[in-house]
Structure formats: structure tokens, C-alpha cells
Chemist: 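Provided herewith is a single structure, encoded as C-alpha cells, for subsequent inquiry.
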Amino acid sequence: MQRLLVGVALLFTSMFAASQIPPKGTLVIVGGGGFPADVQAAFFQACGGRGGVVGIIPTSTSDPEGALKEWKADLDQVGMVCVPLDVRRREDASNPELLKAAARCTGFWFSGGDQNLVGDKIVGTPLQKLILDRYAAGAGVGGTSAGAAIMSKVMLTGDDRHGKEALSEFGPGAYQTREGMGFLPAGVVIDQHFLRRGRENRLFSVLMERPDHLGLGIDEATALVVKDGRATVVGQRSVMVFDPAGMALKGETFRDLRIHLLKTGQSIDLATRKISQP
């Protein structure tokens, strides 16, 4: 019966996804631990290339001034404009001047650090709506580490059920989640630094709790570039895909979970979950 219910949920999720108009923009979701040239180039292209205007959101990082300085130098080198969107308090995300600056951006970047700071200060604000609207209209959106975690509607906070940053727990409810920015289609959840930090436990547990979701674990120095509903691997390492469409759950056990390991050039259709080769 549980497998039947999961199948029905997946059917309705797929039907809903098919009925939606996909955003015109591109996501560049980096697993942290490096920003290789091909990943960087994909992000710059997503933001329009030379002449593009990139809003840098350093909310997650403990050094926003340093992040903004580095990004300005990098963007100056490729003929792009850096726009600081320095949200440090929740009220900053409603500031008319900041929103006016964000409205002219052709791309946005979320820094690494603590994804909960984005949840606290940006999710549910006018800035979130503006960036979602710009993405729907064609803007690029990228982020690394914490900036990858915020991409999905269901966001891993980094803590287990006891509030610890550990990976020793397992099973439904073992890891805390909250609402993220929601750039990815509903029913997709992201984890980052994935293989390098051995986070399979965490994503297994989240999917046991949400068996209608697709789990994407992005490793370091690697990105998923999402365009028109297709996520393509770019970078040096790999992405693990956990597809629970046929998974059977019983208590804290499961079987028949489909797992894929994707390398550069391979991709997955986020609606049909079909894998494509380069």
C-alpha cells in the first residue's frame, strides 16, 4: 500500500510539473569546495556574459565585505557589473533602494556559509519574490555550498534532530529542514559537499520522510546547471541522484531505491527523471 501511495504521489507531481511553464533562467548550483573555470563560465553565461549585471548576496557568509570585494574583482575582469545586495537584517530585503538595484540584475549569486541566514533574512520577503520573478523571466541564479542548499523549496538546515551538525542519525525526521528559496521544481531537494563529506546518510533520511522527492547530492568543485527542466553536471567530480520512485519503505528500512552517479556532461530530466548521456 505504501508503495502504491508513493506512486500516486509521484504521478500527480509529474502531472503538475508538466503543466507548469518552466522558468526561462538558468541555475548554476555548486557543491562547494572550489569554483572550476568551466563552472564559472557556465554561471557567467547564465547571467548574460559581458555586460551582464550580477547581484551578489553574501548573506550566508561570515565575511560579506570580503565576498563582495572578491566578486567585484572577478566580474570586472570579464566585463560584468557587480551589484552588492548586502542583506544583513530581514528588513534589508524590503528596502526599496536594494530592490531597485536587484531589479536591474541579469543574474544573482548566493555565497556559501550558513543557509539558515538566507532562511531567516530573505525567504518570504519582497527580495525573494523579485529574484524568483527575474529567474522566471530569464536571469541566472547561482550559489555554492549554503548557496546550493537554498535552491530547493525543502532546505536542509545542516542540523540533525538534536540540533547537532553530525551525520550519525538515520531515518525519517533525523535531519531538520525548513523552507528554502524554491528555485528548483517542487519535489527536488539538494545536498552539497556530498561525497567528500559522506552525506549519504542525510539524504537517505530526508527521502524516507519525503519519498515523493528527488534527491540530488552535489560533490565539491562540481555544479548542476539547470535549464528548461534539465540538470546537467559540470565540473571536476560528480553528482549522486537518489530516485525513490519505486522505493518500498518499512519502518526505518527501505529497498528498491534507484541511485545514479553522474559525471560531467551527463544530465537528468527533473520531471521524468530520465538520465541522458553526453
Chemist: Can you list every ring pair (Phe, Tyr, Trp, His ring centres under 6.0 Å) pair that touches residues 125-155, not counting sequence neighbours?
Modeler: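 Every pair satisfying ring pair (Phe, Tyr, Trp, His ring centres under 6.0 Å) with a residue in residues 125-155: Tyr135-Phe183.
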
Chemist: Could you name each residue pair satisfying side chain to side chain donor-acceptor pair (under 3.5 Å) that touches residues 93-110, not counting sequence neighbours?
Modeler: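 For residues 93-110: none.
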
Chemist: Who else is in Leu117's hydrophobic cluster (ILVMFWY, side-chain heavy atoms under 4.5 Å, direct or via others)?
Modeler: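 When side chains under 4.5 Å apart are linked, Leu117 ends up in no cluster with other residues.
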
Chemist: Going by the side chain to side chain donor-acceptor pair (under 3.5 Å) test, which pairs reach into residues 49-64, not counting sequence neighbours?
Modeler: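 Those involving residues 49-64 do not exist here.
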
Chemist: By side chain to side chain contact (heavy atoms under 4.5 Å, CB included), which residues pair with Gln176, not counting sequence neighbours?
Modeler: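 Once residues adjacent in sequence are excluded, the partners of Gln176 under the side chain to side chain contact (heavy atoms under 4.5 Å, CB included) criterion are Thr157, Asp159.
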
Chemist: Taking only residues two or more places apart in sequence, or in another chain, which ones meet Asp92 in a salt bridge (charged side-chain N to carboxylate O under 4.0 Å, His left out)?
Modeler: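 If we apply the salt bridge (charged side-chain N to carboxylate O under 4.0 Å, His left out) test to Asp92, skipping adjacent residues, the hits are Arg89.
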
Chemist: Determine which pairs satisfy side chain to side chain donor-acceptor pair (under 3.5 Å) with at least one residue from residues 71-82, sequence neighbours left out, and list them in order.
Modeler: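 Counting only pairs at least two positions apart or across chains, the side chain to side chain donor-acceptor pair (under 3.5 Å) contacts touching residues 71-82 are Lys72-Asp76.
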
Chemist: Measure the spacing between CZ of Arg202 and CZ of Arg197 and express it to the nearest 0.5 Å.
Modeler: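 Atom-to-atom, Arg202:CZ and Arg197:CZ are 9.5 Å apart.
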
Chemist: Any ring pair (Phe, Tyr, Trp, His ring centres under 6.0 Å) pairs touching residues 252-278, not counting sequence neighbours?
Modeler: Phe204-Phe254

Chemist: Quick one: side chain to side chain contact (heavy atoms under 4.5 Å, CB included) partners of Arg90, sequence neighbours excluded?
Modeler: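 Side chain to side chain contact (heavy atoms under 4.5 Å, CB included) check on Arg90 returns Thr125.
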
Chemist: Under the side chain to side chain contact (heavy atoms under 4.5 Å, CB included) test, which residues partner Val154, sequence neighbours left out?
Modeler: Thr177, Val189, Arg210, His213

Chemist: Indicate the atoms forming the closest heavy-atom contact of Arg230 with Ser267, along with that distance.
Modeler: NH1-OG, 3.0 Å

Chemist: Taking only residues at least two apart or on different chains, which pairs with a member in residues 127-147 satisfy salt bridge (charged side-chain N to carboxylate O under 4.0 Å, His left out)?
Modeler: Lys129-Asp133

Chemist: Please report the interatomic distance CG(Leu203) to CE(Met208), rounded to the nearest 0.5 Å.
Modeler: 12.5 Å

Chemist: Which residue pairs pass the ring pair (Phe, Tyr, Trp, His ring centres under 6.0 Å) test with at least one member in residues 87-108, sequence neighbours excluded?
Modeler: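 Qualifying pairs: none.
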
Chemist: Backbone N or O of Leu195 within a donor-acceptor pair of the Asp219 side chain at under 3.5 Å?
Modeler: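 It does hold such a pair.
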
